[in-house]
Amino acid sequence: MSLSINVESQETHVSIFLAGQVDTKSAPELLETLTGIGLPELQELRIHAVELTFLSSAGLRALVYAKQKMPHSSRLILVGGSEEINATVIRTGLGTAVTIVSSIDEID
Amino acid sequence: MTADGLSEGAASLELPADMDHWDELFGFVQAEAQRHLQGNAKEYGLTLACEELLSNIIRYNPSTSPDGQPMLIRIDSALLAGSPRRFQLRISYNNVPFDPQFESLSTSVDDTAIESRKIGGLGLFLIKNSVDHVTYQFSDPLNIYTVDTELS
């Protein structure tokens, strides 16, 4: 299954909608997208994962890269990830850097 | 059941170890995991671990073995008899030995601050912590990873 990436830039944040799977083959597409959205000035990045079926360590590394490039006070939010994807993020210790919510209604 | 203890339904795939064959290699892993573990919470973890192994093999090895043979990846899938029953994927390839030393890898969560987080090692951590058992052995000329998970 391939990966579909859609980016929406809002005044206060950027949303990236992922559909399909982020694996070794497709992760470079995600990384390329991330490098093009102005991470050093971005205060909030929302990764919409409702239609994401798989996230490999290459995908996790892309999230780490994004958060490291964003300002210290910024937020990286994973929205609607599956139970397995959320558990993987937490298991690798990234749960402290990534805010996990089930829907955008939970974002304050 | 076969003579070596493997149950019926075993399947195998052997292809050149390169990104041109990624979809077939990873697709085989996903299909076999789904076939044997569908509805089981362990399906995702096993798929994740095998994706990491395939990725490491392809990305960190030369395309030919030391004796000049093309590097091939073989994946064997089987249900193992016994109690509890186990689903096993064995991934082998012909190249120089590389022992990731799974037994010495940490199983605890890395709580290093994200700003200081090193990228390396994440994949091996996921392999070890996503399945019930993972082993490595070298049987010249093959590196052999065996990943299995118990069917609860």
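Heavy-atom basis, side chains included; hydrogens, waters and symmetry copies ignored. Since the model is a prediction, treat every value here as computed from it, not as a measurement. Every chain is numbered from 1 and lettered A, B, ... according to where its sequence line falls, protein lines coming before strand lines.
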Do B:E43 and A:E84 come close enough that some side-chain heavy atom pair is under 4.5 Å? no

Would a single hydrophobic cluster contain both A:V14 and A:Y65, if residues Ile, Leu, Val, Met, Phe, Trp and Tyr are joined by side-chain heavy-atom contacts under 4.5 Å? yes

Applying side-chain hydrogen bond (donor to acceptor under 3.5 Å, both in side chains), run through A:T24 and B:E51 and close with a yes or a no. CA-CA 8 Å; A:T24 293; B:E51 199 269 359; 2.9 Å; yes

Nearest 0.5 Å, please: how far is OG1 in B:T47 from CG in A:D23? 11.5 Å

Should A:V7 and A:I104 be counted in the same cluster of Ile, Leu, Val, Met, Phe, Trp and Tyr side chains packed under 4.5 Å apart? no

Residues in side chain to side chain contact (heavy atoms under 4.5 Å, CB included) contact with A:P40, at least two apart in sequence or another chain: none

With clusters defined by side-chain heavy atoms of hydrophobic residues (ILVMFWY) lying less than 4.5 Å apart, directly or transitively, does A:L78 cluster with B:L122? yes

Any idea which heavy atoms bring A:L55 and B:Y44 closest together, and the distance? N-OH, 3.0 Å

What are the two closest non-hydrogen atoms of A:R91 and B:S130, and how far apart are they? NH2-OG, 3.0 Å

Decide if atom CD of A:Q43 counts as having more than 12 heavy atoms of other residues, nucleotides or ligands within a radius under 6.0 Å. yes

Test of understanding: with salt bridge (Lys or Arg N to Asp or Glu O under 4.0 Å), list the residues that count as partners of B:K42, not counting sequence neighbours. B:D132

How many angstroms lie between atom CZ of B:F26 and atom OG of A:S56, to the nearest 0.5 angstrom? 7.5 Å

Exercise: identify the closest heavy-atom pair between A:S57 and B:L126: CB-CD1, 3.5 Å

